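Read the structure below first, then the notes.
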Amino acid sequence: MKIFDTLSVAEKNVDTTNQVRIYLCGVTVYDESHIGHARTIIIFDVLRRYLELHGAKVNLIQNFTDVDDKIINRAKNENTSADVITTRYIKNYFSDFDRLNVKRADLYPKATEHIQDMISLISGLVEKGFAYGSKNGVYFSVLKFAGYGKLSKKKIDELVSGARVEVDETKKDPLDFALWKFSDDSPSWDSPWGKGRPGWHIECSAMSLKYLGNDFEIHGGGRDLIFPHHENEIAQSESFSGINFAKIWMHVGMVTINGEKMSKSLGNTKSIDHVLNTWGPNIIRLFCLSGHYTKPIDYSEEMLKEIITKWRQVENCYYEMILSDNLQTTESLDSVKEFIQESRTEFASALDSDFDTPLAVGAFFKLVKNINQLASSEKLNKELSDYIMPTFQEMLSVLGLVIPQVTDDEKNQITNLINQRNELREQKKFQEADAIRKQISDKNIVLIDHKNKTLWMKQEKIGIEN
RNA sequence: GGUGAGGUGGCAGAGUGGCUAUGCGUUCGCCUGCAAAGCGAAUCUAUAGGGGUUCAAAUCCCUUCCUCACCUCCA
């Protein structure tokens with residue numbers, strides 16, 4: 001499998017012979033997560049599912065930034081402690097992402113639980129002369145690291161003349177960034193240099209080193225983290241260790257809302273809770289996978305509605321298969337085997353080639369369409385369905401999609417109601433028959449009258465449709 | 001200003017030199033008691049503008065214009 005590496009600006013092979021170690025920069029827990037977070041995390045969720053399907057051992061680490069000015073400000077505004085804020089939004093995070101059917105990472109380290117690791121990393125940097133103490137804190141000396149700018153393709157002199165850097169007389173160079181900031185505000189910790197709290201970037205260096213070591217396979221996050229966050233991580237980590245930090249830097253493009261950047265000031269942020277209530281998990285996952293991960297994708301009602309149509313086809317396909325009978329078919333198993341094989345190849349080669357989820361999803365939809373064609377022409381029997389099902393399920397599970405299911409009780413109930421309705425239909429009592437259909441549809445069960453039988457399917461309830 | 005990604009039919013989105021995907025939409029049809037869903041067919045002949053290379057360009061080169069993101073906290 002090849003992934004585009006931001007650092008070398010080239011596709012690089014992911015080494016799956018040993019453990020695939022992935023460090024994903026997670027969220028700062030000061031507010032609800034939004035659709036942009038969802039995209040990045042779903043991309044990595046599908047990546048790990050796909051790697052694991054092929055037998056790779058994945059170690060996925062995703063941090064929580066739980067010490068930060070925004071958290072402290074929020075705590076002040078609410079007249080409470082930072083701890084209350086972070087606890088609330090970590091809980092909120094898991095609630096959102098469990099609903100999105102994101103598999104849990106192997107570990108979710110928190111910055112506040114790794115203060116000692118950060119302090120020893122900073123100490124090492126000070127000892128090696130890459131960092132220095134000043135009046136306001138401990139700073140990383142950017143000019144000491146020769147490779148600074150290599151990830152974001154920035155030239156140091158241009159950064160300086162850009163003059164966007166905040167003025168701080170206590171720093172030796174305007175580009176230097178904080179490793180440790182002195183402060184008596186809560187939360188703060190003692191350090192060899194004085195009481196304070198860590199800078200933002202150091203936590204990821206410390207925690208990735210601790211749990212994944214050096215030169216791990218993939219370091220990921222949103223594109224907006226390339227500069228300064230990941231640039232600074234590289235500077236810290238490689239100055240400390242003297243060796244390469246991560247093999248592949250994988251960055252996920254931004255989500256825009258109707259073509260505009262999503263931002264608090266524009267008031268157009270879409271929280272995960274909101275999009276889940278409107279579209280549900282499957283639609284949102286398909287949306288996040290609908291564009292190549294390196295490119296921006298645009299959130300618009302039109303797009304999402306299109307995905308609902310596709311999703312309904314998937315649900316239909318599934319129920320056609322599980323409810324298929326032992327009928328005689330003119331379709332040969334061999335030709336089915338052939339198109340299944342084609343779909344599998346198409347799906348896998350799409351993902352192998354820089355994780356092209358839109359192509360892979362396309363291959364899946366094509367498979368669905370093929371099956372629906374068979375079903376509608378009365379050619380799909382149980383034997384064929386049994387053959388197709390494992391591939392269908394495999395793709396579904398790589399994409400992390402879940403077809404709504406019914407309990408055995410509901411199933412019996414549905415079957416009874418269908419029988420009643422069909423009797424009424426035979427007696428041409430259509431009004432009563434329609435009343436039963438309405439009754440069933442209230443449970444999100446849709447009936448499809450085929451020639452010789454009535455098929456039913458459970459549909460996901462989608463907020464916007466109600 | 002710098003960096004990166006783009007500009008393809010109503011919309012989304014493939015396609016790195018010739019055979020002009022695909023999906024959604026729309027229209028019609030099949031199916032149905034009616035629906036829904038499904039299926040079929042038709043429709044759409046597009047490649048930001050201007051140059052150039054070539055027998056041939058959406059695809060290569062030059063140029064102009066435009067969009068978006070990042071450069072400050074940000075997934």
Side-chain angles (χ1 to χ4, degrees), chain A residues 6 9 24-28 30-31 33-44 62 65 68-71 73 149 152-155 157-159 161-166 200 220-229 231 251-256 259-264 269 272 288 290-298 300 302-310 312-313 315-317 319-320 350 356 358-359 361-363 365-366 368-369 371-380 424-431 433-434 437-438 441 446-451 454-457 459:
Chain A
T6 310
V9 203
L24 174 61
C25 283
V27 298
T28 302
Y30 75 106
D31 203 352
S33 300
H34 55 64
I35 181 73
H37 301 121
R39 184 191 189 192
T40 300
I41 283 155
I42 285 169
I43 288 290
F44 279 85
Q62 181 188 325
T65 299
D68 177 270
D69 289 349
K70 291 192 290 294
I71 295 168
N73 289 338
S152 55
K153 319 298 172 204
K154 292 190 186 306
K155 295 185 181 74
D157 42 338
E158 281 170 2
L159 277 172
S161 62
R164 290 288 219 131
V165 194
E166 137 193 17
W200 174 33
R223 286 201 80 77
D224 52 350
L225 296 184
I226 293 175
F227 188 88
H229 186 52
E231 193 70 61
H251 289 108
V252 179
M254 299 291 100
V255 176
T256 56
E260 271 186 324
K261 178 192 160 129
M262 179 169 52
S263 79
K264 297 230 154 132
T269 54
I272 292 175
C288 290
S290 70
H292 188 89
Y293 76 90
T294 53
K295 294 181 180 171
I297 51 171
D298 189 47
S300 70
E302 200 184 3
M303 265 307 293
L304 277 294
K305 280 184 172 164
E306 195 171 302
I307 295 170
I308 294 179
T309 310
K310 307 302 290 178
R312 294 305 187 207
Q313 293 174 1
E315 288 171 332
N316 181 269
C317 172
Y319 280 98
E320 290 281 7
D356 198 330
L359 269 186
V361 169
F365 285 157
K366 208 154 104 190
V368 165
K369 191 170 183 131
I371 301 167
N372 284 341
Q373 273 170 357
L374 288 178
S376 73
S377 53
E378 314 284 332
K379 286 179 185 163
L380 184 72
L424 290 166
R425 288 172 70 210
E426 272 177 37
Q427 297 164 26
K428 306 219 185 286
K429 291 181 180 166
F430 296 121
Q431 280 205 336
D434 288 349
R437 181 164 63 195
K438 175 75 173 62
S441 81
V446 171
L447 301 185
I448 303 156
D449 293 324
H450 277 338
K451 256 198 184 106
T454 297
L455 185 86
W456 55 269
M457 63 176 179
Q459 288 194 332

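Naming convention: chains lettered A, B, ... in sequence-line order (proteins, then strands); numbering from 1 in each chain. What you see is a predicted model; the values in this text were computed from it and never measured.
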Looking at A/Gln373, does any N or O in its side chain come under 4.0 Å of the phosphate oxygens OP1/OP2 on B/G40? yes
Rounded distance in Å between the P positions of B/C73 and B/G2: 22 Å
pair_partner(B/U3), Watson-Crick or wobble, both distances < 3.5 Å, evaluates to B/A69
Excluding sequence neighbours, so at least two apart, what forms side chain to side chain donor-acceptor pair (under 3.5 Å) with A/Asp434? A/Arg437
Using the C1' atoms only, state how far B/G13 lies from B/G6, rounded to an integer number of Å. 13 Å
What is the distance, to the nearest angstrom, from the CZ atom on A/Phe227 to the P atom on B/A5? 18 Å
Whether A/Lys369 contacts B/G23 is assessed here as follows: a side-chain N or O lying under 4.0 Å from the phosphate OP1 or OP2. Is that the case? yes
Write down the distance separating the C1' atoms in B/A21 and B/C44, rounded off to the nearest Å. 14 Å
If I pick the C1' atom on B/A57 and the same atom on B/A46, what distance separates them, to the nearest angstrom? 15 Å
Rounded C1' spacing from B/U43 to B/U22 in Å: 16 Å
So does A/Gln459 get a side-chain nitrogen or oxygen closer than 4.0 Å to the phosphate oxygens (OP1/OP2) of B/A36? no
With nearest nucleotides of RNA chain B determined for A/Lys310 and A/Glu260 from heavy-atom distances, which residue corresponds to the more 5′ nucleotide? A/Lys310
Taking the nucleotide of RNA chain B with the nearest heavy atom to each, does A/Lys366 or A/Met303 sit closer to the 5' end? A/Met303
Inspect the surroundings of CD in A/Gln427 and state if more than 12 heavy atoms from other residues, nucleotides or ligands are less than 6.0 Å away. yes
